[in-house]
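Heads up: numbering here begins at 1 and tracks the sequence.
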Amino acid sequence: WPKARKRRYCMDKLLRNKKAIFLFIAPALILFTVVLFVPICKSVYYSFCNYKTNYPIVFNGLDNYVKLFTKDKAMRIALKNSMFFLVFSCVSQLICGLLLAALLTNIKKGKDLFKNIYYLPCVLSSAALGLLWMFVFTPRLGINEMLASLGVYADCTEGPEWLFNTEGYIILPIIVISVVALWQYVGQSMMLYMAQISGISKDVYEAAYIDGASKPQAFIHITLPLIRPMVATAMSLNAIGSLKFFDLVYNMIPEGFLAGKAHVLATHLYDQGFKYNKLGYGSAIGVVLMVMCLIVTVIINKFVKVDSYEM
């Protein structure tokens, strides 16, 4: 007891020392300022400028934003595709992640093996996976070749043009890439939900089973309400990740193909900022992307109401 009191006294004394507190938070504060805050402020400023490499920076007010929303057809396509990624990612990863988490939480053998299998794509390089899936969906290789060998098509060229079909409001390549992204990142949602489900006391489920509840009823009335905080977190991460989506689109769609119909916000930003040297215009796209991420996060946290429960 005397040692515990001494430690508590030392901790209270340390917390009252403002210099010590500042010393501890200074590294993180400096890193946040240099890596995040300053670049964001500079991007916001550059978004109001005509900024190109090796040219003087000229302030042009809202010209970049006016052009972005009134004259840039590629921006409309990018917004449409990014919104599709957003909705598809949030819904599909919520359903599939919850389903996998519920199944793996209740199995006794092979749990760790399946967890590693589903989570493995999350830690692999998106660039490498993009190239891999590009070959899988190439018309003369991969899936079409397999379907032709099974007799579904007489020749592999008769199969769908998975990455080159530009028909429809949402073109087929965007749908294909969305499914690949689901395969890659569903393990992340699964792990988050499993961590939350594992924290629920088994006594709650046993009491429900004694009262006659089935497993589906226990999942709906016990598990879902208790993991709601993690649902909000996972959906926010999925939404922000889908809006910032870049790697798979850039690597699965060969440059110059589809006439820009597979653009998302991040690829449009990359093209304008680095390919065409319009750094001010690219900064405006980046600011729009940041604002959309903030709005989506606020909406998710507002509609996914979180109640506090004791588990």
Inset, instruction - Please write out which residues are connected to F274 in a hydrophobic cluster, directly or through intermediates, given that two of Ile, Leu, Val, Met, Phe, Trp, Tyr count as joined at side-chain heavy-atom separations below 4.5 angstrom. - result: F246, Y250, Y270
Legend entry - ILVMFWY cluster membership beyond I30 - transitive side-chain contacts under 4.5 angstrom: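 I30 shares its hydrophobic cluster with V34.
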Legend entry - From CA spacing to verdict: side chain to side chain contact (heavy atoms under 4.5 Å, CB included), L36, L31: CA-CA 8 Å; L36 285 176; L31 187 65; over 6 Å; no
Pairwise side-chain contact, [X] with [Y], heavy-atom cut-off 4.5 Å (strictly under):
X	Y	value
I40	S43	no
S126	Q184	yes
V180	F137	yes
V264	L79	no
V296	L86	yes
F114	L100	no
L224	L98	yes
L182	Q93	yes

Joint hydrophobic cluster, [X] plus [Y], side-chain heavy atoms closer than 4.5 Å:
X	Y	answer
M83	F69	yes
M252	W183	yes
L237	I95	no
Y209	L226	yes
I197	L103	no

Just verifying a value: how many Å separate [X] [atom1] and [Y] [atom2], rounded to the nearest 0.5 Å?
X	Y	atom1	atom2	result
M194	K115	CE	NZ	4.5 Å
T223	I200	OG1	CD1	5.0 Å
K71	D63	NZ	CG	8.5 Å
C90	M235	SG	CE	4.5 Å
D211	E206	CG	CD	12.0 Å
L243	F85	CG	CZ	11.0 Å

Could you tell me whether the side chain of [X] and the main chain of [Y] form a donor-acceptor pair under 3.5 Å?
X	Y	answer
S82	L265	yes
N251	A128	no
T267	H263	no
K52	Y276	no
D72	M75	yes

Search all heavy atoms of [X] against all heavy atoms of [Y] and return the closest pair with its distance.
X	Y	value
G212	Q217	O-OE1, 4.1 Å
I240	C293	CG2-SG, 4.1 Å
N165	I171	O-CB, 3.6 Å
A232	N301	CB-OD1, 4.2 Å
I300	A239	CD1-CB, 3.8 Å
N81	A262	ND2-C, 3.7 Å

Is the [atom1] atom of [X] crowded by more than 12 outside heavy atoms at less than 6.0 Å?
X	atom1	answer
K244	NZ	no
K42	NZ	no
F88	CZ	yes

Inset, instruction - Mind running side chain to side chain contact (heavy atoms under 4.5 Å, CB included) on I299 and I295 for me, showing each step along the way? - result: CA-CA 6 Å; I299 291 173; I295 292 173; 3.7 Å; yes
Do [X] and [Y] have side-chain atoms, one donor and one acceptor, less than 3.5 Å apart?
X	Y	value
Y65	T70	no
N144	W162	yes
N277	T53	yes

Legend entry - side chain to side chain contact (heavy atoms under 4.5 Å, CB included) between F48 and L62, intermediate numbers included: CA-CA 6 Å; F48 296 102; L62 296 173; 3.5 Å; yes
Legend entry - Parallel, tilted or perpendicular: ring planes of Y46 versus Y51, cut at 30 and 60 degrees: tilted
Legend entry - Partner set under side-chain hydrogen bond (donor to acceptor under 3.5 Å, both in side chains) for Y193, not counting sequence neighbours: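 Counting only residues at least two positions away or on another chain, Y193 forms no side-chain hydrogen bond (donor to acceptor under 3.5 Å, both in side chains).
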Inset, instruction - Would you please test K80 and Y169 for side chain to side chain contact (heavy atoms under 4.5 Å, CB included) and show each step? - result: CA-CA 9 Å; K80 176 189 68 176; Y169 184 71; 3.4 Å; yes
